[in-house]
Amino acid sequence: FQAEDGIRDCLLSRGLGDVYKRQCLHLTASYFISSAQTYTSSGTGNGNVGAFQSGTNSTDGVGTTTDGGFVSFNRDGFTLGKGNNNYVLDLIRKKIDIKIEVAGGIRSKDAINDKINQGFDTIVIGTLAIKNIDDVLNLKDSLIKKLSIALDIKDNQIVSHGWQKTNNQSLEYIVNRYNDRPIHSYFVTDVANDGMLSGLNIKTFSSIKQLTNKHITIGGGVKDLNDLELSKINGFNNVVVGKAIYENKITIESLAQFNA
């Protein structure tokens with residue numbers, strides 16, 4: 001998409017109006033839906049978990065998890081904790097018959113309930129989970145069981161607020177607090193390697209695996225199918241694949257075959 005003002009991102013361009021934005025949101029949803037159909041037609045998508053990041057009015061990227069799902073990243077949603085991608089998310093939820101994980105800018109109990117009511121199966125929370133641990137721990141089991149706790153790691157520290165703020169609490173402290181509750185999983189991102197195609201830094205992720213028996217989704221740096229094999233060998237449940245897809249290092253079809 002290229003507007004007459006020369007700004008190539010229809011969602012960030014000023015003055016293009018809601019019509020152009022709506023058209024691009026349709027295209028984004030269509031990509032997700034088409035990719036999902038690749039999985040379901042191969043028999044690998046049924047019952048698997050995908051992930052979509054919600055934020056302001058744009059989606060900055062698309063990825064997949066190795067269990068047959070999808071991930072969309074929106075940095076504005078991470079940082080601001082406001083706005084939404086409900087238009088796109090609604091289209092995706094209605095068209096894809098698999099379990100879907102949603103994340104990005106979900107920073108209140110009401111926001112969690114909204115996503116559950118919207119039909120999403122697992123809710124990833126980061127800033128809320130780190131900043132308001134006691135509040136989250138006090139949620140009813142019925143909500144806790146749907147939560148995946150985002151642990152974004154940079155320079156051996158937990159970061160939040162769209163990776164902009166460092167948390168003083170140790171990784172061990174945070175994981176130990178949540179281990180006592182029936183959370184769905186941990187969603188771990190190696191921030192320094194995210195989008196770098198540098199390969200998985202298993203050492204970073206292993207530090208978390210040593211602290212918990214909960215399911216763990218890892219992401220950041222995946223460059224090819226060898227990384228997926230590496231994650232499997234090391235006992236991780238799911239892996240997020242993003243830029244490797246855009247750069248044609250990994251295809252949707254090869255992911256489907258990997259999960260067959």
Side-chain angles (χ1 to χ4, degrees), residues 45-54 64-72 77-78 81 89 92-93 96-153 157-161 167-190 202 204-220 231-232 234-240 259:
N46 293 330
N48 289 326
V49 178
F52 298 94
Q53 303 281 21
S54 65
T64 73
T65 56
T66 57
D67 57 1
F70 307 89
V71 180
S72 165
F78 297 162
L89 293 174
I92 293 167
R93 177 66 284 179
I96 301 177
D97 187 23
I98 59 174
K99 293 179 180 179
I100 301 178
E101 198 168 273
V102 63
I106 302 171
R107 299 185 182 176
S108 70
K109 180 180 177 181
D110 287 343
I112 293 171
N113 281 318
D114 285 345
K115 288 295 177 282
I116 292 174
N117 292 335
Q118 202 173 351
F120 295 102
D121 302 275
T122 305
I123 317 301
V124 182
I125 57 172
T127 297
L128 175 65
I130 304 304
K131 184 179 178 182
N132 302 95
I133 292 181
D134 290 334
D135 292 340
V136 175
L137 291 173
N138 287 329
L139 294 175
K140 294 180 179 179
D141 283 2
S142 58
L143 283 184
I144 288 284
K145 290 177 180 179
K146 289 183 172 290
L147 298 182
S148 183
I149 306 302
L151 301 173
D152 301 325
I153 302 177
Q157 292 182 298
I158 298 292
V159 292
S160 60
H161 296 80
N167 192 277
N168 292 326
Q169 295 169 319
S170 70
L171 174 64
E172 183 175 2
Y173 171 80
I174 294 172
V175 172
N176 284 340
R177 292 294 304 276
Y178 283 107
N179 277 344
D180 293 332
R181 299 289 277 126
I183 62 169
H184 177 274
S185 58
Y186 292 104
F187 195 107
V188 187
T189 301
D190 180 358
I202 292 297
T204 295
F205 301 120
S206 294
S207 64
I208 296 170
K209 190 167 182 57
Q210 293 171 2
L211 299 174
T212 186
N213 292 319
K214 307 279 189 186
H215 279 209
I216 300 175
T217 293
I218 61 175
S231 69
K232 185 176 181 179
N234 282 274
F236 294 102
N237 302 95
N238 304 307
V239 188
V240 177
N259 287 306

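Note that this is a predicted model, so its numbers are computed, not measured. Along the sequence shown, residues carry numbers from 1. Note: hydrogens, waters and symmetry copies are ignored here, and every other heavy atom, side chains too, is used.
Rounded to the nearest 0.5 Å, atoms CZ (Phe120) and NZ (Lys99) are 15.0 Å apart. With rounding to the nearest 0.5 Å, the separation of CD1 in Ile149 from OH in Tyr178 is 4.5 Å. In this structure, the separation between CZ on Phe236 and CD1 on Ile202 is 5.5 Å, given to the nearest 0.5 Å. Atom OG of Ser170 is separated from atom CG of Leu211 by 9.0 Å, given to the nearest 0.5 angstrom. For the atom pair OG (Ser108) and CG (Leu128), the distance works out to 7.5 Å, reported to the nearest 0.5 Å. For the atom pair CD1 (Ile100) and CD1 (Ile92), the distance works out to 7.0 Å, reported to the nearest 0.5 Å.
Across every non-hydrogen atom of Ile218 and Ser231, the tightest pair is CD1-CB, 4.0 Å.
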Pair Ile123-Ile106, side chain to side chain contact (heavy atoms under 4.5 Å, CB included): steps then yes or no
CA-CA 8 Å; Ile123 317 301; Ile106 302 171; 3.6 Å; yes

Check the pair Asp121 / Arg93 against salt bridge (Lys or Arg N to Asp or Glu O under 4.0 Å), numbers first and verdict last.
CA-CA 10 Å; Asp121 302 275; Arg93 177 66 284 179; 3.2 Å; yes

Trace of the side chain to side chain contact (heavy atoms under 4.5 Å, CB included) decision for Ile158 with Ile130:
CA-CA 9 Å; Ile158 298 292; Ile130 304 304; 4.1 Å; yes

Under the side chain to side chain contact (heavy atoms under 4.5 Å, CB included) rule, what do Asp152 and Val188 come out as? Steps first, then yes or no, please.
CA-CA 6 Å; Asp152 301 325; Val188 187; over 6 Å; no

When you look at Val175 and Tyr186, which way does the side chain to side chain contact (heavy atoms under 4.5 Å, CB included) test go after all the steps?
CA-CA 9 Å; Val175 172; Tyr186 292 104; 3.6 Å; yes

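Between Asn132 and Thr127, every side-chain heavy-atom pair lies at or beyond the 4.5 Å cut-off. Side-chain contact between Leu147 and Val136 is present, with heavy atoms from C-beta onward closer than 4.5 Å. The shortest distance between side-chain heavy atoms of Asn238 and Phe187 does not fall below 4.5 Å. The side-chain heavy atoms of Thr189 and Leu151, taken from C-beta on, include no pair separated by under 4.5 Å. A heavy-atom distance below 4.5 Å is not found between the side chains of Arg177 and Gln169.
Every pair passing side chain to side chain donor-acceptor pair (under 3.5 Å) that includes a residue from residues 204-214 is listed here, sequence neighbours excluded: Asn179-Thr212, Asn201-Thr204.
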For a quick test of your reading: what N or O donor-acceptor pairs under 3.5 Å do the side chains of residues 137-146 make, sequence neighbours left out?
| unit_1 | atom_1 | unit_2 | atom_2 | d |
| --- | --- | --- | --- | --- |
| Asn138 | ND2 | Asp134 | O | 3.0 |
| Asp141 | OD1 | Arg181 | NH1 | 2.6 |
| Asp141 | OD1 | Arg181 | NH2 | 3.1 |

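For the side-chain hydrogen bond (donor to acceptor under 3.5 Å, both in side chains) test, no residue two or more places apart in sequence or in another chain qualifies with Asn113.
By the neighbour-count criterion of 12 heavy atoms within 6.0 Å, atom CD of Gln118 is densely surrounded, having more than that number from other residues, nucleotides or ligands. Within a 6.0 Å radius of CG in Asn168, no more than 12 heavy atoms belonging to other residues, nucleotides or ligands are found.
Between the Asn237 side chain and the Thr217 main chain, no donor and acceptor come within less than 3.5 Å of each other.
The closest side-chain donor-acceptor pair between Ser148 and Thr122, if any, does not fall under 3.5 angstrom.
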